[in-house]
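All values below come from the heavy atoms of this structure, side chains included, with hydrogens, waters and symmetry mates left out. Read the numbers this way: they start at 1 and go in the same order the structure lists the ligands and their atoms. Model, not experiment: these values are computed from the prediction. This chain uses plain numbering: 1 for the first residue, then up along the sequence.
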Amino acid sequence: MSEQRPKVLATRKFPADIEARLSSEYRATLNETDRIYPPEELVAAAREHDAVMCCPSERFSREVLEQVAGSIGIIATYSVGYEHIDVPAARDVGIVVTYTPDVLTDATADTAMLFILAAARRGAECDRFVRSGGWDRWHTLLMLGTHVSGKRLGILGMGRIGQALAKRARGFDMPVHYHNRRRLPPEQEQGATFHADPADLLAVSDFLSINCPSSPETVRFLNAERIEMLPEGAFVVNTARGNIVDDEALIAALRSGRVAAAGLDVFDNEPNLHPGYLDLDNVFMLPHVGSATHETRTAMGDTCLANLAAFFAGRPCPQALT
Ligand code: DGY
């Protein structure tokens, strides 16, 4: 009987309760050591299974998908981002791809708000200062920061996470501006100002939050030329993908003060980020933990399991991309 259960390859380590369910509902291959599969091993392992539950650390290019088609029927990625999967190619070879939207919206928007506040109030610098032992007294000019209330927040990418950030920012009395591929209806806009041209958004962004997916159109969006369009001393926050920022340009702007401070959760080529960030006091960094709450990571696993269950029951997958 158990031999009839589909075989699922879990490419990374997942929360214990999710792995327990994977093992009880499927013939699951878990990754106890969380070793990242080299591409050839990924293909070989996937071909031994009916489904893959993966993360953005695994790349499913057209070439890889063509090699695993006929073996696996579904790739359930444990992420809202899906730039690591060639979705049109998956469609062509008949592999269903699912992702985990919605469940990480609040955690990621909280992280963006944390960055806005930490960048404005010199969070990383203050923390280092206290730990250094150099703090000798309270004084009136110590570590003065910037008030966020009344400052304009520009949101690049007004999807679920952008809208959740806008809701938080309204609570801090920040006027919200945004650019998105399409203008939102008024009930979703909630008074935010739409800019059809991203250059117009940049011009009003005292704080710029990047919340768009990585795509050929957005890679290196925030380059030196666009940084010059920001107000002098603007703040930059990125909880989306590292490659949307041109690191050299942002580092130069943080060094000169053209950009006052930044909050970054994601980096190009992470975890091997550009070393230029490391000695900057005005950048608050996190190791790609925007969605890292117990609740969210479990909900992401539940979403993958629900999609696998639907697929193997012959029902449409609720979060299908293909
Ligand atoms: C996501 O879900 O896309 C997160 O960034 C984790 O990669």
Side-chain angles (χ1 to χ4, degrees), residues 9-15 18-19 22 31 34-37 39 42 52-61 74-87 90 96-115 155-165 209-219 221-222 236-245 247 262-273 284-308 317-322:
L9 173 68
T11 61
R12 299 294 308 273
K13 191 143 189 61
F14 293 104
I18 299 302
E19 291 196 341
L22 273 171
N31 184 347
D34 201 31
R35 187 179 70 95
I36 295 185
Y37 278 84
L42 178 64
V52 172
M53 179 165 155
C54 71
C55 289
S57 43
E58 287 73 56
R59 229 183 115 51
F60 286 92
S61 59
I74 175 170
I75 299 172
T77 184
Y78 183 88
S79 60
V80 68
Y82 51 86
E83 71 286 346
H84 52 295
I85 303 173
D86 186 333
V87 172
V96 172
V97 178
T98 68
Y99 71 140
T100 63
D102 301 315
V103 292
L104 43 60
T105 298
D106 284 336
T108 310
D110 287 349
T111 305
M113 199 65 224
L114 168 72
F115 279 141
I155 300 181
L156 182 73
M158 196 65 148
R160 301 173 187 84
I161 297 169
Q163 289 174 49
L165 173 60
S209 176
I210 299 174
N211 295 101
C212 56
S214 170
S215 70
E217 296 75 48
T218 61
V219 168
F221 169 85
L222 194 63
V236 170
V237 163
N238 188 5
T239 52
R241 283 293 183 262
N243 63 7
I244 300 170
V245 169
D247 287 330
L264 306 174
D265 184 43
V266 285
F267 302 87
D268 203 10
N269 198 33
E270 62 187 43
N272 303 310
L273 64 155
F284 180 81
M285 295 183 280
L286 294 176
H288 199 153
V289 290
S291 61
T293 65
H294 292 292
E295 295 87 342
T296 297
R297 290 291 162 87
T298 298
M300 290 166 73
D302 289 341
T303 304
C304 292
L305 284 162
N307 281 287
L308 291 172
C317 295
Q319 283 80 21
L321 290 162
T322 47

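- In this structure, the side chain of T293 engages the main chain of T296 through a donor-acceptor pair within 3.5 Å.
- Counting heavy atoms closer than 4.0 Å to ligand 1, residue V266 contributes nothing at all.
- Only side-chain heavy atoms of P56 come within less than 4.0 Å of ligand 1; its backbone N, CA, C and O stay farther off.
- Atom numbering of ligand 1 starts at 1 in the shown order; those under 4.0 Å from a heavy atom of S79 are 1 (C), 2 (O), 3 (O).
- Close contacts between ligand 1 and L104 involve ligand atoms 2 (O) [criterion: under 4.0 Å to a heavy atom].
- Here the protein heavy atom with the shortest distance to atom 4 (C) of ligand 1 is H288 NE2, 3.6 Å.
- The distance criterion of under 3.5 Å between nitrogen or oxygen atoms is not met by A240 with respect to ligand 1.
- Residues C212 and E217 form no side-chain contact, since every pair of their non-hydrogen atoms from C-beta on lies 4.5 Å or further apart.
- Between the side chains of N243 and S214, a donor-acceptor pair is found at a separation under 3.5 Å.
- The protein atom (non-hydrogen) at minimum distance from atom 1 (C) of ligand 1 is V80 N, 3.4 Å.
- Applying the side chain to side chain contact (heavy atoms under 4.5 Å, CB included) criterion to T322, with sequence neighbours excluded, gives V87, A90, R91, V96, V97.
- In this structure, the side chains of Y78 and T11 stay at 4.5 Å or more apart for every pair of heavy atoms.
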Could you check I18 against M53 for side-chain contact (heavy atoms from CB on, under 4.5 Å), going step by step and ending with a plain yes or no?
CA-CA 11 Å; I18 299 302; M53 179 165 155; 3.9 Å; yes
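- Heavy atoms of other residues, nucleotides or ligands lying less than 6.0 angstrom from OH of Y82 number 12 at most.
- Close approach of ligand 1 to G81 is summarised as follows: ligand atoms under 4.0 Å from at least one heavy atom of the residue are 1 (C), 2 (O), 3 (O).
- For the pair Y78 and ligand 1, the shortest N or O to N or O distance does not fall below 3.5 Å.
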